[in-house]
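Ligands are counted one by one from 1 in listed order, and the atoms in each one are counted from 1 as well.
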Amino acid sequence: MLSCKNLKASIEGKKILKGASLEVNPGELHVLMGPNGSGKSTLAQVIAGHPSYKIESGELRFEISKINKLTPDKRAKLGIFLAFQHPVEIPGVSMFNVLRKARHSTNGKIKSASLFRNSVANFRSDLIGYAKELKLGEEFIRRSLNEGFSGGEKKRSEILQMMALEPKLVILDEIDSGLDVDGLKIVATAVKKYTRSNPQSSVLLITHYARILKYLKPDFVHIMMDGKIIKSGKANLAKQIEEKGYQKMGREVQYYDRV
Ligand code: ADP
Ligand code: MG
């Protein structure tokens, strides 16, 4: 579904991604871990098509298309969704209106089975249902997007957007940071439910902590350091990272490289 091959990317002339490669197949849950500043959010933004990031070389494919040069809206229409690490506040634009427009422009392309739920009233009641699942009040969908939301509410609002748009590829950038234990459980449960009811959709979960993996079982775990994915493995890799820390994992990889 998603293929990143030897991606090199920069922002404001500063090289951040230095040859990142990653393959995600339909229905898989991948976890991306790594120290602060290693380039995890940059990779997420590059996949979503943030215009400030420049791909210097390498290939980015989604399903059958090469998407290196596609604008973010076109990537969203293909079914790529990014939940931001730091969601922006957009005063004056309600959550409902944003999602209705976004849903309208992606509808049918992402998931034709949902076409029958196309009416505004049904969409509104769907959103209210999602808000309830996330323990957010009904008024959330009428409020300005993220304006005045607490840290935890912003994260849940990102998940609500995922539920409403039904993307094929869900990228969650530190969805667990700023959430308390209850919030973490609510968000993780919603993601798990989403993957169950959309078995062809894939998740790329960026996190610092193995704690969310109590609820979500990854198929693959990757470690990013200095703009590259230096190690990939199964779920137990996340446990090793917690025990050893990134620096030690990094040294091990250098050791293997030398052999
Ligand atoms: P991570 O998500 O792994 O913590 P990021 O991708 O956010 O890492 O950042 C990687 C590096 O890119 C950091 O050194 C950061 O300072 C730098 N960086 C990120 N965004 C910008 C920007 N807008 N301008 C300049 N440097 C940036
Ligand atoms: Mg980040």
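When only non-hydrogen protein atoms are considered, atom 12 (O) of ligand 1 lies nearest to Ile16 CD1, 2.8 Å. Regarding atom 4 (O) of ligand 1, its nearest protein heavy-atom neighbour is Gly37 N, 2.7 Å. For atom 3 (O) of ligand 1, the closest heavy atom belonging to the protein is Lys40 NZ, 2.8 Å. Nearest to atom 26 (N) of ligand 1 among the protein's heavy atoms is Ile11 CG2, 3.8 Å. Regarding atom 16 (O) of ligand 1, its nearest protein heavy-atom neighbour is Lys14 NZ, 3.6 Å. Given atom 7 (O) of ligand 1, the protein heavy atom at minimum distance is Ser41 CB, 3.6 Å.
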Step-by-step salt bridge (Lys or Arg N to Asp or Glu O under 4.0 Å) determination, Glu174 to Lys155: CA-CA 9 Å; Glu174 295 204 23; Lys155 297 291 170 152; over 6 Å; no
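For the ligand labelled ligand 1, residue Gly34 lies outside the 4.0 Å heavy-atom shell.
The 12-atom threshold is exceeded at NZ of Lys217, counting heavy atoms of other residues, nucleotides or ligands nearer than 6.0 Å.
Which parts of ligand 1 touch Asn36 is read off a 4.0 Å heavy-atom cut-off, strictly below it: atoms 4 (O). Heavy-atom contacts of Pro35 reach the following atoms of ligand 1: 3 (O) (cutoff under 4.0 Å). For ligand 1, the atoms closer than 4.0 angstrom to any heavy atom of Thr42 are 5 (P), 6 (O), 9 (O), 10 (C). Ligand 1 places these atoms under 4.0 Å from at least one heavy atom of Tyr53: 20 (N).
Looking at Leu205 and Leu213, their side chains come closer than 4.5 Å, going by heavy atoms from C-beta outward. For the pair Thr42 and Ile11, the minimum side-chain heavy-atom distance is 4.5 Å or more.
Annotation: cation-pi geometry not satisfied between Arg143 and Phe149 (NZ/CZ under 6.0 angstrom from ring centroid, within 45° of ring axis).
Of the heavy atoms in Ser52, none comes closer than 4.0 Å to ligand 1. Residue Glu12 touches ligand 1 through its side chain alone, judged by heavy-atom distances below 4.0 Å.
Tracing side-chain contacts under 4.5 Å through hydrophobic residues (I, L, V, M, F, W, Y), one reaches Leu204 starting from Phe84; they form part of the same cluster.
Using a 4.0 Å cut-off between charged nitrogen and carboxylate oxygen, Lys154 and Glu89 count as a salt-bridge pair.
The side chain to side chain contact (heavy atoms under 4.5 Å, CB included) test with Ile241 is passed by exactly one of Val31, Ile223, Asn236: Ile223.
When all heavy atoms are compared, the tightest approach of Leu127 to Leu160 is CD2-CD2, 3.9 Å.
Taking backbone and side-chain atoms together, Thr42 has no N/O/S atom less than 2.8 Å away from the Mg ion (ligand 2). For the Mg ion (ligand 2), the N/O/S atoms of Asn36 include none lying under 2.8 Å.
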